[in-house]
Amino acid sequence: MPEAPEVEAVTQALRPLILGQTIRECRVVHPISVKPYSAESLAKSLHENRIEEVTRMGKYLVLRLASGILTFHFKFDGRILLFDATPPGSIHVDALLTLDSVTLGFVDPRHLGRMNWHESADAAPSLSKLGIDIFSPDFTGVALASILNNSRLPLKLALTDQSKLAGIGNIYSSESLWHARLDPRRSSNELTPEETRRLHKAIVSTAHRALECCSDPAPNFRDPEWWFSDLTPILRVYGREGRRCRRCSGSIKRIQQGGRSSFFCPDCQR
DNA sequence: CCTGCTACCTGATGGC
DNA sequence: TGCCATCAGGTAGCAG
């Protein structure tokens, strides 16, 4: 489900609630959630390990521990919930971390999300392969130009390639391209410098707008129902197939790219 | 190296 | 109502 703005909002909201606490116990309810590693090795790595930093890399939530790092990837439906004690049996929980003052639950009924321990970020294959983070100061217009000039992929696929650019997913790629008035099918290495600058501005502004939206109201990890339910106020094209373009009144189209849906307005995105 | 395709999972939704 | 197909804010692994 979440892209970088959502994970950033989670990171910021979660930080004061768990920073400095020690993991007293790790209980894995569904071992699939810690694959490809074992529940035993995870519990061993986490036992009496202190949380020293709560941060984010791309779409990953990363807890830097006194020893190693703990990463969370939410894929489509993963979530974090906090409990005072043992969660009620009615709630699906994949893994539980008992901290000093709170219990953190990793929840993903669909079982695509993962919680993994690694010795370091460099030692984690998934993290070490990430490209420039969209919230990083390193993500400049020049950096985007370099990424795009070296790819013949359609814009949509280049933007969502985490090894090139970390943090953009299916929704914000469509949104950014709409704001930049660019057709998602355009070849990445054929943009003019002006178009590249436009796209860079669109990505940055879309991501910051989304972060603001995701941070207010603040994430509520105590409410099992809460998880960024209402994004629609900021969405301009995503999910609006057949409806009128909010800029030019054209008809929004949906196409398949890389097996996923892209939404765009053929009239004003060129 | 780059690109394209499939598998991994489950639940919600819509058409017949 | 039941059943089937499709879709979902994603990534890893593999083939060419």
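Proteins get letters first, then strands, A, B, ... in listed order; numbering begins at 1 in each.
The salt bridge (charged side-chain N to carboxylate O under 4.0 Å, His left out) test applied to Arg222(A) returns Asp84(A), not counting sequence neighbours.
Contact check on Glu195(A) versus Arg186(A) returns a salt bridge, with a Lys/Arg side-chain nitrogen under 4.0 Å from an Asp/Glu carboxylate oxygen. Between Glu40(A) and Lys44(A), no side-chain nitrogen of the basic residue sits less than 4.0 Å from a carboxylate oxygen of the acidic one, so the salt-bridge criterion is not met. Ion pairing of Arg110(A) with Asp108(A) is absent here, as no side-chain N (NZ or NE/NH1/NH2) approaches a carboxylate O to less than 4.0 Å. A salt bridge between Glu241(A) and Lys253(A) is absent, with no side-chain N of the basic residue lying under 4.0 Å from a carboxylate O of the acidic one.
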Would you tabulate the side-chain donor-acceptor contacts of residues 162-172 of chain A under 3.5 Å, counting partners in other chains and residues two or more places apart, or write 'none'?
residue: Gln162(A); atom: OE1; partner: Gly167(A); partner atom: N; Å: 2.9
residue: Gln162(A); atom: NE2; partner: Thr160(A); partner atom: O; Å: 3.1
residue: Gln162(A); atom: NE2; partner: Ile168(A); partner atom: O; Å: 2.8
residue: Ser163(A); atom: OG; partner: Asp161(A); partner atom: OD1; Å: 2.7
residue: Lys164(A); atom: NZ; partner: Asp161(A); partner atom: OD2; Å: 3.0
residue: Asn170(A); atom: OD1; partner: Lys156(A); partner atom: NZ; Å: 2.7
residue: Asn170(A); atom: ND2; partner: Ser261(A); partner atom: O; Å: 3.1
residue: Tyr172(A); atom: OH; partner: Glu6(A); partner atom: OE2; Å: 2.6

Show me the donor-acceptor pairs within less than 3.5 Å that the side chains of residues 8-21 of chain A make with the rest of the protein, sequence neighbours left out.
residue: Glu8(A); atom: OE1; partner: Arg56(A); partner atom: NE; Å: 2.6
residue: Glu8(A); atom: OE2; partner: Gln12(A); partner atom: NE2; Å: 2.7
residue: Thr11(A); atom: OG1; partner: Val7(A); partner atom: O; Å: 2.7
residue: Arg15(A); atom: NE; partner: Val54(A); partner atom: O; Å: 3.0
residue: Arg15(A); atom: NH2; partner: Val54(A); partner atom: O; Å: 2.9
residue: Gln21(A); atom: OE1; partner: Asp100(A); partner atom: N; Å: 3.0
residue: Gln21(A); atom: OE1; partner: Ser101(A); partner atom: N; Å: 2.8
residue: Gln21(A); atom: OE1; partner: Ser101(A); partner atom: OG; Å: 3.4
residue: Gln21(A); atom: NE2; partner: Leu17(A); partner atom: O; Å: 2.9
residue: Gln21(A); atom: NE2; partner: Ser101(A); partner atom: OG; Å: 3.1

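The distance between atom CZ of Phe74(A) and atom P of dT11(C), rounded to the nearest whole Å, is 12 Å. Remark: P of dG10(C) and CZ of Phe76(A) are 6 Å apart, rounded to the nearest angstrom. With rounding to whole Å, Phe263(A) atom CZ is found 10 Å from dA8(C) atom C1'. Distance CG (Leu231(A)) to P (dA8(C)): 15 Å, rounded to an integer number of Å. Between the C1' atom of dG9(C) and the CD atom of Glu8(A) lies a distance of 17 Å, rounded to the nearest Å. The CZ atom of Arg254(A) sits 9 Å away from the C1' atom of dT6(C) (whole-angstrom rounding). One interatomic measurement links the two molecules: CG of Leu127(A) to P of dT11(C), which rounds to 11 Å at whole-angstrom precision. Between Leu61(A) atom CG and dT11(C) atom P the separation is 14 Å, expressed in whole Å.
Close to dC7(C), at under 4.0 Å from its OP1 or OP2, lies no side-chain N or O of Ser261(A). Dashed line: the shortest gap from a side-chain N or O of Lys59(A) to OP1 or OP2 of dG10(C) is under 4.0 Å.
Other residues, nucleotides and ligands place more than 12 heavy atoms under 6.0 Å from the CD atom of Glu52(A).
Across all their heavy atoms, Arg236(A) and Arg246(A) have their closest contact at NH1-CD, 3.4 Å.
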Problem set entry | Dot-bracket pairing map - DNA chain C, Watson-Crick plus G-U, both contacts under 3.5 Å, | cross-strand | .|||||||.|||||||

For this session: Evaluate the criterion ring-ring contact (aromatic ring centres under 6.0 Å, His included) for residue pair Tyr60(A) and Phe72(A); output intermediate values, then yes/no.
Result: CA-CA 6 Å; Tyr60(A) 291 82; Phe72(A) 295 84; over 10 Å; no

For this session: List the steps and the verdict of ring-ring contact (aromatic ring centres under 6.0 Å, His included) for His30(A) and Phe106(A).
Result: CA-CA 10 Å; His30(A) 292 279; Phe106(A) 180 61; over 10 Å; no

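For dC4(C) and dC9(B), the P atoms lie 22 Å apart once the distance is rounded to whole Å. Nucleotides dC7(C) and dT6(B), compared at atom P, are 15 Å apart to the nearest Å.
The side-chain heavy atoms of Thr22(A) and Leu99(A), taken from C-beta on, include no pair separated by under 4.5 Å.
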Using nucleotides 3-9 of chain B, report all nitrogen or oxygen pairs with the protein that are shorter than 3.5 Å.
residue: dT3(B); atom: OP1; partner: Arg152(A); partner atom: N; Å: 3.4
residue: dC9(B); atom: O2; partner: Arg110(A); partner atom: NE; Å: 2.5

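Heavy-atom distances under 4.0 Å link DNA chain C to Gly169(A), Asn170(A), Ile171(A) of residues 169-187 of chain A, given in residue order.
Note on Thr160(A): nothing from the nucleic acid sits closer than 4.0 angstrom, heavy atoms only.
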